Number of protein chains: 2
Amino acid sequence: MLQLTKRTEYGLIALVHLVDRRDEFVSAREIGDAYHVPRRLLAEVLKELCRADLLLSQRGANGGYSLAREPENLTLAEAVQILEATPSAKDGSTCETSAWSSCDLISTCPIKTPIERLRAGIWGLLNQTTLRDLATPAPVNPLGELIESAQASSLSARLS
Amino acid sequence: MLQLTKRTEYGLIALVHLVDRRDEFVSAREIGDAYHVPRRLLAEVLKELCRADLLLSQRGANGGYSLAREPENLTLAEAVQILEATPSAKDGSTCETSAWSSCDLISTCPIKTPIERLRAGIWGLLNQTTLRDLATPAPVNPLGELIESAQASSLSARLS
DNA sequence: CCAAGTAGCACTATTTTGGTGCTATTTGAG
DNA sequence: CTCAAATAGCACCAAAATAGTGCTACTTGG
């Protein structure tokens, strides 16, 4: 099931924040304070991202988190897949068979139900968009174009 | 909050089903039976779509539902917005100020938080895709291209 | 040694979701 | 005229998901 939850929101905020601080370890406290996000919950999300090897962690004083990869080759698909994962579905085996994993979605890809096509489309968007795209305000990325079109069509929709 | 729920799934299934039955009234029973969807729940969803003027309804024997518009000019954005609407947020005033309405999303469109950009991107995709696109198996539509890219990238992801 | 961190897990209150019950109304057909 | 098959409109419930917190253990720089 596609869900963009607070966990995802906090996780993406943190990831974007870390883009500007490469080769540095940033604490959960700092990020939480910067965006007025519940510190403890954010910490929990960061731990998840760390377990999934999207982040590196440094324990102890002056510790914190840092991107484990260049923002250019970290797709939102990866991040969202981790952030939206149900805590119950963390056993690795059922993780891959969930409705949201790319594999079963694609393996049955003469797609049947409409919602599966829609999910696949959104998945494609997430796969095309990197953390760099998300962090860059310029509209020269997949997200940018789709945001443009959202603007246009919503404007016409307001007139109906 | 973006959520693709069962309601949305059932609603989209029904809408697609109705594409092939223009100028005809199809009962909730028929659709429910055809896709093994709980009849009562589907009926509830169809009523919602009807209240939102996406469907026309005919009461009484031989009654049912029919598309109120050509599939070409019914965007998924509209459908999803209605189907995902919380029953509590059905008061029309707060409906427009929810995080998911296009208007407030766009009005503040020097977008701030990452998740808002992401939501706008998904919204753009939904705005570009019509019910016709969803009903058409051919990949000559926005969804199709993104599904292609989902296939490609998931394949490469499997190798990592 | 200690303060500031992360690691890990369990737990709770609230909200959301999926689904059902019930009654009223409409309408075509026998 | 009556009945069966529909939609219309609520209200309701159980189960699941979500957001958030508590607590303890471990690590590490100063």
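This structure is a prediction, so every number in the text was calculated from the model and none was measured. Numbers restart at 1 for each chain; the letters A, B, ... are given by sequence-line order, proteins then strands.
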Undergrad: Under 4.0 Å, heavy atoms only, any strand: does B:Ala43 hit a base, just the sugar-phosphate, or nothing?
TA: nothing
Undergrad: Rounded to the nearest Å, what distance is computed from the NZ atom of residue B:Lys6 to the P atom of nucleotide C:dT20?
TA: 13 Å
Undergrad: On DNA chain C, does the nearest nucleotide to A:Ala61 precede the nearest nucleotide to A:Cys50 from the 5' side, or the other way round? Give the residue.
TA: A:Ala61
Undergrad: Rounded to the nearest Å, what distance is computed from the CD1 atom of residue B:Ile13 to the C1' atom of nucleotide C:dG18?
TA: 15 Å
Undergrad: Is there a side-chain contact between A:Leu15 and A:Leu55, using heavy atoms and a 4.5 Å cut-off?
TA: yes
Undergrad: Rounded to the nearest Å, what distance is computed from the CG atom of residue A:Leu41 to the P atom of nucleotide C:dC9?
TA: 17 Å
Undergrad: On DNA chain D, compare the nucleotides closest to A:Glu44 and A:Gly60; which residue's is nearer the 5' end?
TA: A:Glu44
Undergrad: Is the shortest side-chain heavy-atom distance between A:Thr5 and A:Leu83 below 4.5 Å?
TA: no
Undergrad: As a test of reading the structure: which of D:dT21, D:dT7, D:dG22 is closest to the side chain of A:Pro38, going by heavy atoms?
TA: D:dT21
Undergrad: Can you figure out which of C:dC22, C:dA7, C:dG18 approaches the side chain of A:Lys47 most closely?
TA: C:dA7
Undergrad: If you compare every side-chain N and O of A:Thr5 against the phosphate oxygens of D:dA17 (OP1, OP2), does one of them come in below 4.0 Å?
TA: no
Undergrad: Rounding to a whole Å, what distance do you find between A:Arg40:CZ and C:dT6:P?
TA: 11 Å
Undergrad: Would you say D:dA19 has OP1 or OP2 under 4.0 Å from some side-chain N or O of A:Tyr10?
TA: no
Undergrad: May I ask you to verify if any side-chain N or O of A:Arg59 is less than 4.0 angstrom from the OP1 or OP2 atom of C:dA4?
TA: no
Undergrad: Is there a side-chain contact between B:Ser57 and the phosphate of D:dA8, meaning an N or O under 4.0 Å from OP1 or OP2?
TA: yes
Undergrad: Between P on C:dG5 and CG on A:Leu56, what's the gap in Å once rounded to a whole number?
TA: 19 Å
Undergrad: Check the distance between D:dT7's C1' and B:Gln58's CD and give it to me in whole angstrom.
TA: 10 Å
Undergrad: To the nearest angstrom, how far is B:Glu48 atom CD from C:dG18 atom P?
TA: 12 Å
Undergrad: Is there a side-chain contact between B:Tyr65 and the phosphate of D:dA8, meaning an N or O under 4.0 Å from OP1 or OP2?
TA: yes
Undergrad: Can you see which heavy atom on A:Thr113 is nearest to which on B:Glu9, and at what distance?
TA: OG1-OE2, 4.4 Å
Undergrad: Using a 4.5 Å cut-off on heavy atoms from C-beta on, say whether the side chain of B:Gln81 contacts that of B:Glu78.
TA: no
Undergrad: Can you tell me the distance, in whole Å, between the CD atom of B:Glu30 and the C1' atom of D:dT7?
TA: 15 Å
Undergrad: Side chains of B:Val37 and B:Ile31: closer than 4.5 Å at any heavy-atom pair?
TA: no
Undergrad: Tell me whether the OP1 or OP2 atom of C:dT20 has a side-chain N or O from B:Arg39 closer than 4.0 Å.
TA: no
Undergrad: With a cut-off of less than 4.0 Å, is there a side-chain N or O of B:Arg29 near OP1 or OP2 of D:dA5?
TA: no
